[in-house]
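Okay, so here's the structure we're looking at.
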Amino acid sequence: MAKGDELVKYMTEQFIKYMETPKEVRKQTRASQREVREHWQYRWFGMLPLAIRMWMGGLHWRKKNEKLLSLAAKVIARLRDGKLFYIGRRRKT
């Protein structure tokens, strides 16, 4: 029964400590804890929401710039084949 007495003692100390602090101080501590607290999505699911957001953003970017990507792929292919050369670079004969 000693543990029960210790628990009651601890609970009463915490309650008295809470009641003795002014209401304004309690509000300030609560507000500062809210600012530090992570968003609920990250607390519940970790980094998964960020990964999904990055993946969806990449898909959106790819869809938006599909023509640019295909042009870049063609240029890279021509560079590999030797049909296109860099500006300012001599062409090997």
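Along the sequence shown, residues carry numbers from 1.
Atom OG1 in Thr21 sits 12.5 Å away from atom NZ in Lys27 (nearest 0.5 Å).
Residue Met47 is grouped with residue Met54 when hydrophobic side chains (ILVMFWY) are merged at heavy-atom distances under 4.5 angstrom, including chains of intermediate members. Cluster annotation: Tyr18 is not connected to Tyr10 through the hydrophobic network of ILVMFWY side chains, with a link wherever side-chain heavy atoms come within less than 4.5 Å.
Only one option out of Met19, Lys17, Met11 pairs with Phe15 in a side-chain contact (heavy atoms from CB on, under 4.5 Å); it is Met19.
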